[in-house]
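Computation of the quantities below employed the complete heavy-atom set of this structure, encompassing side-chain atoms and omitting hydrogens, waters and symmetry-equivalent molecules. Ligands are counted one by one from 1 in listed order, and the atoms in each one are counted from 1 as well.
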Amino acid sequence: MIKTRVTEMLGISHPVIQGGMQWVGRAEMTSAVSNAGGLGVLTALTQPSPEDLLKEIARCREMTDNPFAVNLTILPTIKPVPYADYISAIIDSGIKIVETAGRNPEPFLPAMKAAGIKIIHKCTSLRHSLKAERIGCDMVSVDGFECAGHPGEDDVTNLILLPLAAQRLKIPIIASGGFGDGRGLVAALALGADAINMGTRFMVTQEAPIHEKVKQAMVAASELDTSLIYRSLKNTARVFKNSVALKVLEIEEQEGPTDFDDIAPLVKGTKGRELFEQGELDRGIWSAGMVIGLINDIPTCKDLIERIVNDAEEIIKQRLGNLVSA
Ligand code: NAD
């Protein structure tokens, strides 16, 4: 067992947290991670309305007795999102752990804190992490440049971001982006984090509610098979390098400012959802991190978490222990 401030604060057995993934963070995924002793995370915006989110939380409770969280991402969207109503639903549901991502969550903090919710804010820079601590977040999840989805615009990897955060923050840090095995967990702990957050790695598990073909494509892919799109719009996202991602890059490279309207039909989230459901790999885009280069199998969440923690323990006790005593 590896005990850290994060396992203690969240009441979980292992320092492994599931990333908040659009269309993937459903009850099947979340409960599988929580039942395996990690922290599963439902993605609020995967549900079309706050009422549907309440139903999904109830469904997840039927599937696990262990703690799980809800992720709320506040980034540009094609259709306006009633964020305050999602927050009210989360509070009404009795959820006690929330991961916020994207914009500053300050306006929503008083209501969540009053409800006894622990808030993990996902940050892609040291300055945002310091701000999150200052406004009262309980933990930060530090997202390095390796990550899937939105890495921010600074392009700093976790080898630098994590020790910087560890030097400057008092609240616990979760290392996010690039993690998928025991070596990564040990590295994260050594760099000053109290847990790892994995999105891409959990997509390639038996329980992830996405088509087998998507999982197989990720197993076959290397660390070079991701693309950074929306750079020209300052909303950078790391996605799987398929023909649609390459088409988006082509549009972005055209002379003059990029018009999101030229890209929207290719990238809209509903196409990503269909891609996951039907396994049609060039239907839209999907988030994937550089860690796909380290993914070679499709285990259950339980087997994956056990392997990561066992490998990490072995590395700490044997390899690292022996180095010190040698
Ligand atoms: P969507 O269908 O509304 O938009 C599709 C993509 O286009 C998203 O990445 C969105 O950020 C981007 N986008 C929308 N309007 C934009 C604009 N005006 N300028 C630049 N980019 C714009 O989104 P969705 O796929 O239904 O996802 C819902 C939310 O979840 C979005 O905020 C999205 O960013 C977020 N998300 C996060 C991750 C992650 O890895 N953190 C992954 C997928 C989606």
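Considering both main-chain and side-chain atoms, Lys268 never comes within under 3.5 Å of ligand 1 through any nitrogen or oxygen pair. Backbone and side-chain nitrogen or oxygen atoms of Phe260 are examined, and none is located within less than 3.5 angstrom of a nitrogen or oxygen of ligand 1.
No hydrogens or angles considered: nothing links the side chains of Thr300 and Gln206 as a donor-acceptor pair under 3.5 Å. Inspection of the Ser88 and Asp85 side chains reveals no N or O donor paired with an N or O acceptor under 3.5 Å.
Looking at Lys234, Lys271, Arg273, His150 and measuring to atom 38 (C) of ligand 1, the nearest heavy atom belongs to His150. Proximity annotation for atom 29 (C) of ligand 1: of Leu45, Thr258, Val267, Val248, Leu45 comes nearest, heavy atoms only.
Taking the charged nitrogens against the carboxylate oxygens, Arg307 and Glu314 have no contact shorter than 4.0 Å, which rules out a salt bridge.
Among protein heavy atoms, atom 21 (N) of ligand 1 sits closest to Asn235 ND2, 2.9 Å. The closest protein non-hydrogen atom to atom 25 (O) of ligand 1 is Gly269 CA, 3.2 Å. Protein heavy atom nearest atom 9 (O) of ligand 1, with residue, atom name and distance: Tyr230 CE1, 3.5 Å. Gln22 CB, 3.6 Å is the protein heavy atom nearest to atom 43 (C) of ligand 1. In terms of protein heavy-atom proximity, atom 3 (O) of ligand 1 is nearest to Ile78 N, 2.7 Å.
By the 4.0 Å heavy-atom criterion, Ser287 is counted among the residues contacting ligand 1.
Taking the six-membered ring where tryptophan is involved, the planes of Tyr230 and His150 are essentially parallel, since the angle between them stays under 30° and well short of 60°.
Cation-pi geometry between Arg238 and Phe145 is met: the NZ or CZ atom falls under 6.0 Å from the ring centre, inside 45° of the normal.
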